[in-house]
Every structure is written in structure tokens, then in C-alpha cells.
Amino acid sequence: MRDAYHEELDSIGDGLVEMARLVGSAIGRATTAMLDADLKLAESVIEGDKKVDELQHDLEARAIALLARQQPVATDLRIVVTSLRMSADLERSGDLAQHVAKLARLRFPDRAVPHDLHATILEMGQLAQRLMAKAAEVIITKDVDLALQLETDDDEMDLLHRTLFQHLIDDRWKHGIETAVDVTLLGRYYERFADHAVAVAKRVVFLVTGEHADNLQQDLPTEIQPVTGPDGA
């Protein structure tokens, strides 16, 4: 019985890794669909989000069943509860990738992103995919140091997000209001996707240590703490 119980706990972890890999792939493919005005690819991302939703529903059902049957305590309880929260973060990440794909579909056969912002959006998409890949690695390895690095990595996404707004408020903006709205939404989708990847990593920190990641960050020596501006950005 105990062996079956721990196998079920392990299978929940495997499900989280699969979700992370799926949503990481989705944001990469959605970015390509957006920049290339690839309707077929956009549709595949939109349709593929059903798999992420199914995985989350299955994981939730198994976690709730474990809570009911085994009444876990201490570390095992932390694993189950934290896994439920991570699955919610990953499901929302999948929704954000789907939003990018839906915007690509909405503007087809045109491109929602003007040519002068292609490089920035491409970089945001690639960074989002890398962050989620690292989050998946953290789930597998339970590496606390790697998990804590994600918040520093996310600073790059915040910088790219600000770069988009600098283009939007520039007096030389010539692409109209509709495109400005599209770019604003895209920036928000990528920024939130990255936030969810960071949240997943932070939850792994809590799972392993029983401490919240923010508390551990405060305990780091000054020379290795992330550098932030006066506004915390």
C-alpha cells in the first residue's frame, strides 16, 4: 500500500513535468505562429491547450483522492497541496500561450506585430520557453538554487516588457491604435507567463524546504542577491 502511495505521488510529479513541457512548447509555437502569420500552427496551439486542461483535471482528481484515502501529513501533505498549486500555475500558462495563438488567428492573414518589434517579441517568446523549461527541470531535480535563479532570470522579461512600452509611447509610433492594443496584450501575456514559471519554481522551494522562496532570498548574502532598482523592478 505504501509503495503504491508513493508511486502515485511520483506520478503527480511526472504529470507536472509533462504540463510544463507542453506549455513551454506551446508558447514557443504560438510565438512562431504570431510572427509568421501561420494559421495552421496557431490552430494547433489553441487545440493543444485541451491536453493541458485534461492533465490538470486528472492531476487534481488524483491529488484529492490521495488526500481523502491517505490523509498525508508533513512532507507528503506539502507535496500534494503544492502540486495542486503548481498545476494551476501551469494551466494558466497554457491559457496565456493560447491567447497568443488566438491573437495570431484573429489578425490572419496580417501580422499583429509590426516588423520593427519582431525581434523583441521573438526574444520574449524564446525567453518564456526557456524559463518554463527551467521550471520543468526544477520540478524534476528539486534543485533549490536553480529554482531561486528563475526570479533573477525573470528580470530579463521585465526589461523586454518595458522595452515594448517605450515603443508604444514613442512619438514616432506609426502603427495605429489597434496594433498598439495587440502589442500591449502580447507584452502582458509573455510577462504573466514568465511570472507563472517563477511561481512554479518558488513552490518547489517551499516543497523542499518548507520555507517560502522570498524568505530564502532575503537570507542570501548581499553579493549574490538579485540586483533591483528602487521600485523593486
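Hydrogens, waters and symmetry mates are skipped; everything else that's a heavy atom, side chains included, is used.
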Drop me the distance from [X]'s [atom1] to [Y]'s [atom2], to the nearest 0.5 angstrom.
| X | Y | atom1 | atom2 | answer |
| --- | --- | --- | --- | --- |
| I46 | R29 | CD1 | CZ | 10.5 Å |
| L117 | T163 | CG | OG1 | 10.0 Å |
| L168 | T184 | CG | OG1 | 4.5 Å |
| K134 | T141 | NZ | OG1 | 11.0 Å |

message: Determine whether a donor-acceptor pair (N or O, by modelled atom type, separation under 3.5 Å) exists between the side chain of R105 and the backbone of A42.
response: no
Would you mind reporting whether [Y] and [X] have side-chain heavy atoms less than 4.5 Å apart?
| X | Y | value |
| --- | --- | --- |
| L90 | V52 | no |
| E137 | L146 | yes |
| Y190 | L127 | no |

task: Could you tell me how the ring of H115 sits relative to the ring of H118: parallel (under 30°), tilted (30 to 60°) or perpendicular (over 60°)?
output: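 H115 vs H118 ring planes: tilted.
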task: Write down the atom of V100, the atom of M34, and the distance for their closest heavy-atom approach.
output: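 The answer is O-CE, 3.2 Å.
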- request: I would like to know whether D195 and R192 meet salt bridge (charged side-chain N to carboxylate O under 4.0 Å, His left out); could you show each step before the answer?
  value: CA-CA 5 Å; D195 286 347; R192 289 299 299 146; 3.0 Å; yes
field: Whether over 12 other heavy atoms sit under 6.0 Å from K142 NZ
entry: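 Result for NZ/K142: enclosed.
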field: Test: D58 and R62 ion pair at under 4.0 Å
entry: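 Counted as a salt bridge, because a side-chain N and a carboxylate O are separated by less than 4.0 Å.
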